[in-house]
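Here the structure is laid out as structure tokens; the discussion comes afterwards.
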There are 2 protein chains.
Amino acid sequence: MSHTPVGVRRTQKLRTRQALLDAALDLLEHQSLSSLGLREVTRAAGVTPTAFYRHFEDTAALGVALVEETLGSLHGLIAAVLAETGDSEERLDRSVAVIARHVGAQPAHFRFIAREQHGGVGPVRAAIAAQLRRFAEEVACALGQEPGSAGWSEEDLLMLGGLYVDHMVITTSTLLEAGPEGEAEVVRVARRRLRLVTIGRAHWLDEG
Amino acid sequence: MSHTPVGVRRTQKLRTRQALLDAALDLLEHQSLSSLGLREVTRAAGVTPTAFYRHFEDTAALGVALVEETLGSLHGLIAAVLAETGDSEERLDRSVAVIARHVGAQPAHFRFIAREQHGGVGPVRAAIAAQLRRFAEEVACALGQEPGSAGWSEEDLLMLGGLYVDHMVITTSTLLEAGPEGEAEVVRVARRRLRLVTIGRAHWLDEG
DNA sequence: CCGTTCGGAGTACGAGTGTTCACTGACTTG
DNA sequence: CAAGTCAGTGAACACTCGTACTCCGAACGG
């Protein structure tokens, strides 16, 4: 047992690492990752430029870390929302509400994801795509366990899951553009869109 | 009537302007607009940095010009595709095919749009949003003239139009990520998604 | 034909960039 | 408690960047 339980050193390292991530997220509110300077980040974090290399190789690597931080903690959430009881209308409303709440709580994180999903930094794009694919699979799995999905093929479930996930991404983007005052309207339209998709889902096997 | 019918000067000016746009589009294949340097563009275009200012105030202004170039010429196309006869299945397949063809023909243009739709340059974001809104309105208008849209409210038509447009944007992004070899699969899934939306549309008034 | 317009060239400046290097001093380990 | 590890420092490197000048010469209008 050492004198310092967890290691003062590791703790401090994680602290400055987080300071770098936070500073970067702040700066990324008004620019995109490919124009984000290493020095710019360290200056905002209160560290010298050389210290950056102790934590990340690139600004690209920092971007990938930001992706994990934002999307990594969301995986449990989806399954939880979809697993709750209630008719589809209720669950749909709840899903949209959950998204609106999360986006409202940490806009910068979601702005970053929306911006870099198709941004100029390859590794970051790949990291986001991988996370979204996982979301689509999770949604497909949750849908597959419902009675309403009897007779659906694996592939169609994935298609539907991807459809829902893409709509969630679009909704977050729109929420960010609209700002707090436009949130209600965006939520209204998003609900209607999802309802239309759900209706299509209910009649999919009739006309597929 | 002057000695030179169109004006040699204006022609040359337009020529270098186009050279700047083309060079920028090339460079934007692997980075985003906010990291694109003025000098970088002029170097690739074979012009001195100062010449840039004769055509654009900013790289942002150049970006807006690129948006117009890419999206401005597409407005007639949508109405044309939607106006053609045939059942909804046929029209749907044709729409997807038209998109795949356009994206395949000029990938760089569409990559630029996908990248800057949520990118770090405000004016460009605004320009793209304005164009997409116009698209949504055009689609809504076209849909409203169909017999299948009887009883639909103006607002719901716009919602549906936006839904279609957003799906088109998603499809273009996915096509770009997949590359030529993955095109067939992407087109398959995109068609299925649109079919599901169309089914939802057919039953919208039953359960709305 | 002559004066004007103007697209573009050339030069120069200050500021900011990513990266390397030797170095320091607090924490950690045996 | 001594030896070693290592997060962070500070100075220096060789760039690129946007922008402000002046200037040239071909195309233009009267």
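Basis for what follows: all heavy atoms, side chains included, without hydrogens, waters or symmetry-related copies. Letters A, B, ... are given to chains in the order of the sequence lines, protein chains preceding strands, and every chain is numbered from 1.
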Heavy-atom contacts under 4.0 Å between residues 15-26 of chain B and DNA chain D, which residues?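 Hits under 4.0 Å, by residue number: none.
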Between B:R10 and B:T59, just flag the one whose closest nucleotide in DNA chain D comes earlier from the 5' side.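 First, find each residue's nearest nucleotide; the 5'-ward one identifies B:T59.
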Minimum heavy-atom distance between A:A24 and A:L66, given as atom pair plus value: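 Closest approach of A:A24 to A:L66, heavy atoms only: CB-CD1, 4.4 Å.
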Can you name the salt bridge (charged side-chain N to carboxylate O under 4.0 Å, His left out) partners of B:E137, sequence neighbours left out?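 For B:E137 there are no salt bridge (charged side-chain N to carboxylate O under 4.0 Å, His left out) partners, ignoring immediate neighbours.
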Expressed as a whole number of angstroms, how long is the span from [X]:[atom1] to [N]:[atom2]?
X	N	atom1	atom2	result
A:L27	C:dG16	CG	P	15 Å
A:K13	C:dT28	NZ	P	13 Å
A:Q31	C:dT17	CD	P	10 Å
B:Y53	D:dT22	OH	C1'	16 Å
A:F56	C:dT19	CZ	P	15 Å
A:R54	C:dT19	CZ	P	15 Å
A:Q12	D:dT9	CD	P	10 Å

The helix from C:dC1-D:dG30 to C:dG30-D:dC1: angle between end helix axes, five pairs per end, rounded to 10 degrees: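 For the helix from C:dC1-D:dG30 to C:dG30-D:dC1, the axes at opposite ends meet at about 30°.
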Does the salt bridge (Lys or Arg N to Asp or Glu O under 4.0 Å) test come out yes or no for B:R101 and B:E183, once each step is laid out? CA-CA 10 Å; B:R101 181 150 43 85; B:E183 178 178 319; over 6 Å; no
Listing, residues 90-99 of chain A side-chain donor-acceptor contacts under 3.5 Å, not counting sequence neighbours, or none:
| from | atom 1 | to | atom 2 | distance (Å) |
| --- | --- | --- | --- | --- |
| A:R91 | NH2 | A:E146 | OE2 | 2.6 |
| A:R94 | NE | A:E84 | OE1 | 2.8 |
| A:R94 | NH2 | A:E84 | OE1 | 3.3 |
| A:R94 | NH2 | A:T85 | O | 3.0 |
| A:S95 | OG | A:R91 | O | 2.8 |

For [X], give me all partners under side-chain hydrogen bond (donor to acceptor under 3.5 Å, both in side chains), at least two apart in sequence or on another chain.
X	value
B:T198	B:Y164
A:R193	B:D166
A:S149	A:R201

Check residues 42-63 of chain B and write down every donor-acceptor pair under 3.5 Å in which the side-chain atom is one partner and the other belongs to a residue at least two apart or another chain.
| from | atom 1 | to | atom 2 | distance (Å) |
| --- | --- | --- | --- | --- |
| B:T42 | OG1 | B:L38 | O | 3.4 |
| B:T42 | OG1 | B:R39 | O | 2.8 |
| B:H55 | NE2 | B:T16 | OG1 | 3.3 |

Under a 4.0 Å heavy-atom criterion, the protein footprint on nucleotides 10-17 of chain D, written with B, S and -, is B-B----B
Does A:R9 contact D:dC6 through a side-chain donor or acceptor facing the base, at a distance under 3.5 Å?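 For A:R9, whose side chain was compared with the base of D:dC6, there is a donor-acceptor pair (under 3.5 Å).
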For a quick test of your reading: what N or O donor-acceptor pairs under 3.5 Å do the side chains of residues 121-133 of chain A make, sequence neighbours left out?
| from | atom 1 | to | atom 2 | distance (Å) |
| --- | --- | --- | --- | --- |
| A:R125 | NH1 | A:G119 | O | 2.7 |
| A:Q131 | OE1 | A:H75 | NE2 | 2.7 |
| A:Q131 | NE2 | A:E68 | OE1 | 3.1 |

Suppose the criterion is ring-ring contact (aromatic ring centres under 6.0 Å, His included): which pairs have a residue in residues 83-131 of chain B, not counting sequence neighbours?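 Sorted result for residues 83-131 of chain B: empty, none.
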Sequence neighbours excluded - side-chain hydrogen bond (donor to acceptor under 3.5 Å, both in side chains) pairs with any residue from residues 17-33 of chain B: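 Sorted result for residues 17-33 of chain B: A:S32-B:S32, A:S34-B:S32, B:Q18-B:D22, B:Q18-B:E69, B:Q31-B:S35, B:Q31-B:E40.
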